[in-house]
Amino acid sequence: MDNGHEDHVGGGERAARRDEAVRAAVEQGLLGPGIPIVGLLDITGIRESAAELRAAFDAVVAPGTPVLHAFAVKATPLVPVLRLLHDEGVGAEVASPGELALARAAGVAPERTVLDSPAKTPAELREALALGIAVNADNPQELDRIDGLMRSAPSRSPIGIRVNPQVGGGSIEALSTATATSKFGVALRDEGAREWVVRAYGERPWLTRLHAHTGSQGIPLSRMTDGVAQTYALAEEINRRIGRRQVDTIDIGGGLPVNFASEATTPTYAQYARMLREAVPRLFDGRYGLVTEFGRSLLAKHGTVVARVEYTKSAGGRPVAVTHAGVQVATRTVYAPGTWPLRIAAYDAKGRPKEGPAVVQDVAGPACFAGDLLAEGRALPLLEQGDYAAALDTGAYYFAHHYAYNSLARPGIHGFAPDGTGGVAFATVRAPQTLEEIVAEAGGAHATALTTLRTPDRR
Ligand SMILES: *Cc1c(COP(=O)(O)O)cnc(C)c1O
């Protein structure tokens with residue numbers, strides 16, 4: 001695992017931009033003794049990834065094929081990020097009323113929005129159908145509800161069924177959505193399931209899409225490709241057996257894994273698109289529109305959380321740097337360090353890449369439990385009081401996913417880009433959470449609620 005300062009093929013410019021942004025954040029006072037933690041987002045990098053995604057699929061589909069890239073909002077649920085992606089031609093995949101509200105606040109149009117989720121309420125479904133948002137039904141009971149809504153009011157929403165091709169899981173159990181017993185979609189290999197799906201389409205001319213998302217991070221590309229191939233084969237079977245080209249769009253989900261071990265972007269969208277074209281060439285011949293739902297792969301490598309080293313100490317002979325980034329911004333890494341290791345880069349008190357011999361040390365967070373470590377036994381230039389430690393590749397599922405342990409405040413998040421004169425310009429994406437907000441969100445307005453509610457006198 002590298003420490004982020006070396007130059008890597010495909011990532012050297014990104015690493016250089018990051019180093020400049022950290023230094024500029026310190027210089028411009030976004031980070032310092034009074035503001036000991038901040039999240040940074042590389043606007044240039046996000047735009048590049050969006051462009052790579054578009055180009056990868058443009059290169060494999062027949063000219064004129066409708067393609068909607070819908071960003072999985074859960075990966076980075078921040079309105080300005082959704083707006084930036086919208087500006088890059090990327091829509092939104094949402095899976096809760098909150099995510100839909102974020103997409104709408106970002107100006108993502110209903111026809112560029114897809115609603116998934118295994119637990120949609122009647123009210124959510126009604127709203128989505130009224131707005132014309134694409135909906136993927138997760139199960140037969142949900143399809144019943146949609147039947148009722150379609151009978152009461154026609155909708156222009158494209159509607160599909162999510163299937164689980166049960167191609168198997170990957171190295172991370174919690175993120176494997178295509179196992180035999182996954183909670184998502186209609187389990188295609190279960191007895192009678194395939195017949196049920198074909199009949200469901202035959203009985204409902206408005207069912208025009210088919211959806212599968214075979215997993216996130218840890219799923220081999222070949223398995224993802226297999227899941228798409230099975231989904232395509234099912235679409236062909238449905239259309240053949242009902243005698244019309246009713247399924248006109250296939251939603252292949254997201255799940256491209258991210259390389260957390262070095263600066264390199266691998267695998268790339270272009271590699272995945274080429275693999276898909278080899279495995280399922282006819283998916284791209286223009287008969288089907290395509291929807292994709294990538295999340296982590298669009299944002300992860302463009303985010304950095306930078307935290308000040310408040311103290312350094314030594315325990316059992318090992319140096320420990322106590323920083324302000326821990327479980328509240330890197331929940332997965334702290335609770336499952338073996339599955340989610342993060343690269344850590346060391347910067348000095350002025351935000352310059354730290355030089356010096358590598359020393360094995362722990363990089364700890366501020367939370368009050370022993371396991372709150374960003375990295376354990378990591379070889380880095382020795383961190384000193386007032387330095388900064390940066391957790392790299394944290395643009396998705398990290399600092400935007402605050403975990404309120406110890407009532408630690410949500411850090412501010414800033415986007416950065418070149419300022420045109422050789423410097424770095426910042427834009428606030430999310431202001432840091434204030435103490436007033438922490439108190440309010442912790443029931444501050446109801447301080448006496450429990451002492452004034454009289455329970456029957458038991459004496
Ligand atoms: C989480 C999720 C995605 C995005 O997965 P990534 O691994 O972030 O690309 C896409 N579609 C659905 C249905 C999801 O649940």
Side-chain angles (χ1 to χ4, degrees), residues 46 49-50 52-53 56-57 68-78 81-82 85 90-96 98-100 102-103 112-120 124 128 133-139 142 159-165 169-179 182-186 209-221 223-225 227-228 231 249-260 265-269 271-273 276 290-303 332 339-340 393-398 400-401:
I46 297 169
S49 285
E52 282 162 19
L53 172 61
F57 282 86
L68 170 64
H69 297 296
F71 174 63
V73 170
K74 77 166 182 277
T76 309
L78 296 167
V81 168
L82 304 183
L85 291 170
V90 176
E93 186 264 354
V94 300
S96 70
E99 289 182 358
L100 175 56
L102 299 185
R112 303 192 60 76
T113 305
V114 179
L115 174 65
D116 295 327
S117 130
K120 307 176 199 81
E124 271 182 272
I133 287 167
V135 176
N136 289 313
D138 181 82
N139 59 66
E142 187 176 313
I159 300 173
I161 294 180
R162 176 168 182 174
V163 294
N164 168 10
S171 61
I172 307 174
E173 184 66 27
L175 270 61
S176 297
T177 47
T179 57
S182 159
K183 73 172 180 181
F184 294 107
V186 176
R209 290 193 173 180
L210 193 61
H211 174 225
H213 167 68
T214 51
S216 296
Q217 195 67 21
I219 312 288
L221 278 195
R223 187 152 286 172
M224 290 173 57
T225 308
V228 174
T231 309
T249 300
I250 297 183
D251 181 337
I252 65 169
L256 192 74
V258 165
N259 167 30
F260 285 95
T265 300
T266 172
T268 62
Y269 290 121
Q271 284 166 336
Y272 182 42
L276 283 172
L290 275 184
V291 177
T292 74
E293 306 173 341
F294 295 103
R296 183 180 285 106
S297 53
L298 270 167
L299 258 295
K301 296 202 85 71
H302 309 307
R332 280 185 171 157
T339 307
W340 297 102
D393 309 325
T394 48
Y397 304 100
Y398 277 93
H401 292 63

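As the structure lists them, so they are numbered: ligands from 1, and atoms in each ligand from 1.
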Could you list each nitrogen or oxygen of ligand 1 that sits under 3.5 Å from a protein nitrogen or oxygen, with the atom names and the distance?
{"residue": "ligand 1", "atom": "5 (O)", "partner": "S216", "partner atom": "OG", "Å": "3.2"}
{"residue": "ligand 1", "atom": "7 (O)", "partner": "S216", "partner atom": "OG", "Å": "2.7"}
{"residue": "ligand 1", "atom": "8 (O)", "partner": "R296", "partner atom": "N", "Å": "2.8"}
{"residue": "ligand 1", "atom": "8 (O)", "partner": "Y397", "partner atom": "OH", "Å": "2.6"}
{"residue": "ligand 1", "atom": "9 (O)", "partner": "G255", "partner atom": "N", "Å": "2.8"}
{"residue": "ligand 1", "atom": "9 (O)", "partner": "G295", "partner atom": "N", "Å": "2.9"}
{"residue": "ligand 1", "atom": "11 (N)", "partner": "E293", "partner atom": "OE1", "Å": "2.7"}
{"residue": "ligand 1", "atom": "15 (O)", "partner": "K74", "partner atom": "NZ", "Å": "2.8"}

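- A perpendicular orientation is assigned to the rings of Y269 and F294, their planes being inclined by more than 60° (bins at 30° and 60°).
- Of the residues listed (K74, H69, H211), the one engaging E293 in a side-chain hydrogen bond (donor to acceptor under 3.5 Å, both in side chains) is H211, and it is the only one.
- Under the side-chain contact (heavy atoms from CB on, under 4.5 Å) criterion, P220 pairs with S222, R223, sequence neighbours left out.
- For D393, the salt bridge (Lys or Arg N to Asp or Glu O under 4.0 Å) partners are K301, R343, not counting sequence neighbours.
- Counting all heavy atoms, side chain and backbone alike, A72 lies closest to G295 at CB-CA, 3.9 Å.
- Here E142 pairs with K120 under the salt bridge (Lys or Arg N to Asp or Glu O under 4.0 Å) rule; sequence neighbours left out.
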